[in-house]
Amino acid sequence: MMLRQGLPPRRSGAAGRSPAREPTPPPAAAPPDSAPTRLLTWLGRLGVPAAAFAVFQTLLGILPQSLAGEAARYCVAATAGVGVGVMVWLAAALLRTRATAAVAAPPPAPAPPPAGSLPELMDGTYQALRRGLSVIEVAGRGPLIGWPHSLAESDPPVHPTAFGTAYGLHLLLDIAPYDGRIRAGQVAETLWRLRLPGGGWAARSQGSGARPEVSAIVLGALARAGADPRLLEAEIRSCEVLWDPDHDASGLANTYVVTNVLRGLLRAAPGSTALDGLREVLVNGATADPARGNHRCWGAALATGRGNPAPSAAHTARAVVALDRAARVLGEDERQRTVREEGLRWLLAGPATPTGGIGDLQNCQEEVRRPDQEDPLHQELLSVRHFAAAWVARALMTDGARKVAAEEVGLPAWEAQLTTAVTRVQGMQRGGVWRWDDGPMGHPVWMAYQGLSVLRRHALMVYRP
């Protein structure tokens with residue numbers, strides 16, 4: 001369901017004020033009392049034989065006597081009479097059928113109630129942020145003001161996480177930059193306090209060592225919140241080893257990890273020398289899919305010479321969004337542009353396949369496995385959820401998507417796919433809170449950020465002054 005914005009209906013007020021006028025319905029195509037309808041009805045009541053005889057008699061009287069013989073005159077008049085009789089019969093039958101259908105047709109069903117306006121939805125998200133905010137005192141770190149993984153976890157208050165707080169800060173900057181009830185500066189300070197002793201940040205389940213996908217997201221949020229550039233630069237230098245594929249080969253062979261790092265660093269350090277290398281890792285990790293015109297796409301793992309991963313709409317959309325941002329900040333060469341556009345073509349080809357279209361919008365989950373940092377004989381396991389509809393919608397709203405769609409499937413098909421994805425995104429929220437499931441971990445902060453980002457971007461895209 002698309003968002004509808006507008007003023008509320010006017011209501012009649014005190015004496016002296018006229019009540020609100022009802023909108024005037026459009027005129028019917030053929031009013032029942034129009035002159036053509038009255039004529040056809042009269043002819044229909046007259047009867048087909050009478051109409052035919054009248055035409056026959058009239059023509060017989062006006063046809064010239066010089067027409068070759070009386071038989072010819074009678075034939076012409078009779079033919080015309082039969083023709084007019086048939087036309088009158090068809091017209092009368094049509095009028096009777098339309099009248100019957102108008103009586104038998106049930107009244108139109110009432111329209112579904114309009115969805116809440118975008119400002120109302122944003123206000124619901126902000127109220128959920130306020131309810132979910134954790135404020136705790138930690139010895140040696142001071143007060144921590146932020147969010148855990150889920151908006152439903154904070155009763156009683158639990159320890160904020162770097163990932164949840166980073167996305168909560170993004171949300172706060174999007175929907176309440178001038179509201180002092182949650183101070184963005186205090187949230188940003190909490191992110192600095194959650195920094196690990198050796199530098200960088202990690203998810204709650206990743207132990208004591210920093211991980212690139214979390215560190216880059218946190219640095220991007222801090223940069224957006226206006227953190228001191230000198231502090232950011234020093235932290236980025238200390239984390240440079242994290243985005244080196246030789247240091248974290250298993251992590252940086254994963255599409256989720258690489259796209260997170262690329263998006264975060266483009267915000268925090270657009271001049272970083274690591275960006276070109278990360279983009280090449282992502283571009284080289286695409287694989288052709290014979291099921292969709294051999295367009296290149298991405299799976300959970302990046303493609304290597306040893307095998308190609310199963311194509312995934314969520315991962316392909318993530319890669320397209322990351323490459324689009326890189327192109328805007330860094331520029332791109334012909335090969336990079338071609339791979340990015342092929343990812344869009346792969347997404348646009350989805351509805352043409354048996355499992356495409358709606359199947360591309362189904363949420364999915366993966367596990368990122370790495371050697372444990374404390375015990376390399378064991379594996380570190382990170383469970384990752386993908387809000388597929390949000391990622392597909394974001395990819396279809398990138399700058400180059402409209403151009404590619406016009407060349408590939410046509411703009412109406414692109415608009416229909418985008419509308420379907422945005423509708424699914426909106427349908428997964430209640431009162432501004434996006435739900436993965438109904439458990440205490442089922443209302444992720446990152447999901448609220450992604451869902452609201454899609455609706456805001458789409459509202460701006462379709463708005464016409």
Side-chain angles (χ1 to χ4, degrees), residues 163 166-167 170 203 211-217 220-221 243 251-267 275 278-287 289 292 295-303 308-329 332 336 339-350 356 359-368 382-401 404 417-418 421-422 424-425 434 436 444 446-447 449-454 457:
F163 205 69
Y167 276 107
H170 275 305
R211 287 305 189 190
E213 66 273 20
V214 182
S215 298
I217 291 296
W243 18 92
L252 290 169
N254 180 277
T255 303
Y256 165 78
V257 173
V258 175
T259 53
N260 264 19
V261 175
L262 194 55
R263 289 184 297 110
L265 280 186
L266 285 167
R267 267 197 176 115
L275 286 171
L278 286 166
R279 177 164 61 174
E280 278 305 298
V281 168
L282 189 58
V283 168
N284 293 336
T287 181
D289 180 13
R292 297 194 186 184
H295 297 312
R296 278 175 280 190
C297 60
W298 286 262
L302 294 170
N308 295 326
S312 160
H315 293 89
T316 299
R318 293 183 72 104
V320 167
V321 170
L323 291 175
D324 177 76
R325 291 190 184 179
R328 282 187 283 162
V329 175
E332 63 182 350
Q336 293 161 349
V339 173
R340 175 177 60 80
E341 290 184 349
E342 282 202 38
L344 281 166
R345 288 186 170 91
W346 186 90
L347 290 170
L348 291 167
D360 283 359
L361 306 181
Q362 298 293 333
N363 290 338
C364 57
Q365 192 164 344
E366 69 170 303
E367 294 177 344
V368 179
L382 177 67
S383 180
V384 179
R385 294 171 170 181
H386 299 285
F387 191 179
W391 282 110
V392 170
R394 292 171 79 175
L396 294 179
M397 288 189 287
T398 54
D399 290 341
V404 172
Q417 284 182 257
L418 177 57
V422 172
R424 183 171 178 83
V425 169
W434 271 261
W436 187 278
W446 58 261
M447 194 174 187
Y449 170 70
Q450 291 178 7
L452 193 59
S453 296
V454 166
R457 167 69 173 163

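Position 1 is the first residue of the sequence, and the numbers go up from there.
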Practice task
Give the ring-plane orientation class for Y167 versus F163, where under 30° counts as parallel, over 60° as perpendicular and anything between as tilted.
Solution key: perpendicular
Exercise for the section: Report yes if some heavy atom in the side chain of L382 is under 4.5 Å from a heavy atom in the side chain of E213; otherwise report no. Expected result: yes
Handout entry: R385 vs M447 side-chain heavy atoms within contact, under 4.5 Å
Key = no
Problem - Side-chain heavy-atom pair P311, T316 within 4.5 angstrom cut-off - result: no
Handout entry: Donor-acceptor contact below 3.5 Å, side chain R296 vs main chain E342
Key = no
Completion exercise
In this structure, CG of L275 is separated from CH2 of W243 (nearest 0.5 Å) by 9.5 Å
Exercise for the section: Could you tell me whether the side chain of N363 and the main chain of A388 form a donor-acceptor pair under 3.5 Å? Expected result: yes
Practice task
Would you confirm whether W298, through its side chain, and L282, through its main-chain N or O, come within 3.5 Å as a donor-acceptor pair?
Solution key: yes
Handout entry: Atom of A301, atom of P309 and distance for their closest heavy-atom approach
Key = O-CG, 2.9 Å
Handout entry: R424 side-chain N/O to L361 backbone N/O, donor-acceptor pair under 3.5 Å
Key = yes
Exercise for the section: Run through L262, V283, L266 and flag the one making a side-chain contact (heavy atoms from CB on, under 4.5 Å) with L278. Expected result: L262
Exercise for the section: Hey, could you give me the CD/CG distance between Q417 and D360, rounded to the nearest 0.5 Å? Expected result: 8.0 Å
Problem - Note, M397 side chain near V454 side chain (heavy atom, < 4.5 Å) - result: yes
Problem - Side-chain heavy atoms of W446 within contact of F387, under 4.5 Å - result: yes
Practice task
Kindly write out the residues that satisfy side chain to side chain contact (heavy atoms under 4.5 Å, CB included) with A253, not counting sequence neighbours, or none if the list is empty.
Solution key: none
Practice task
Would you please name every residue forming a side chain to side chain contact (heavy atoms under 4.5 Å, CB included) with E332, sequence neighbours left out?
Solution key: R279, A327, Q336, R337, R340
Fill in the blank from the handout: Closest non-hydrogen atoms of A286 and V339, given as atom of the first, atom of the second and distance, are CB-CG1, 4.0 Å
Handout entry: R292 CZ to L347 CG distance, which is reported to the nearest 0.5 Å
Key = 7.0 Å
Handout entry: Within-4.5 Å side-chain heavy-atom neighbours: R263 and R325
Key = yes
Exercise for the section: Kindly give the heavy-atom pair with the smallest separation between S383 and Q365, and that separation in Å. Expected result: OG-NE2, 2.8 Å
Handout entry: Heavy-atom pair of closest approach, residues A303 and T287
Key = CB-CB, 3.9 Å
Exercise for the section: Would you give the length of the straight line joining atom CD1 of I217 to atom CZ of R267, rounded to the nearest 0.5 angstrom? Expected result: 8.0 Å
Practice task
Answer whether the closest heavy-atom distance between the side chains of V320 and W391 falls below 4.5 Å.
Solution key: no
Completion exercise
CG of N308 to CG of L302, rounded to nearest 0.5 Å, is 11.5 Å
Fill in the blank from the handout: Interatomic distance, CG@L452 vs CH2@W434, rounded to 0.5 Å, equals 5.0 Å
Exercise for the section: Taking the side chain as every heavy atom from C-beta outward, state whether L396 and L348 have any pair of such atoms under 4.5 Å apart. Expected result: yes
Fill in the blank from the handout: All heavy atoms of P212 vs all of V257, minimum pair found to be CG-CG1, 4.2 Å
Practice task
Kindly say whether A319 contributes a backbone atom to a donor-acceptor pair with the side chain of T259 at under 3.5 angstrom?
Solution key: no
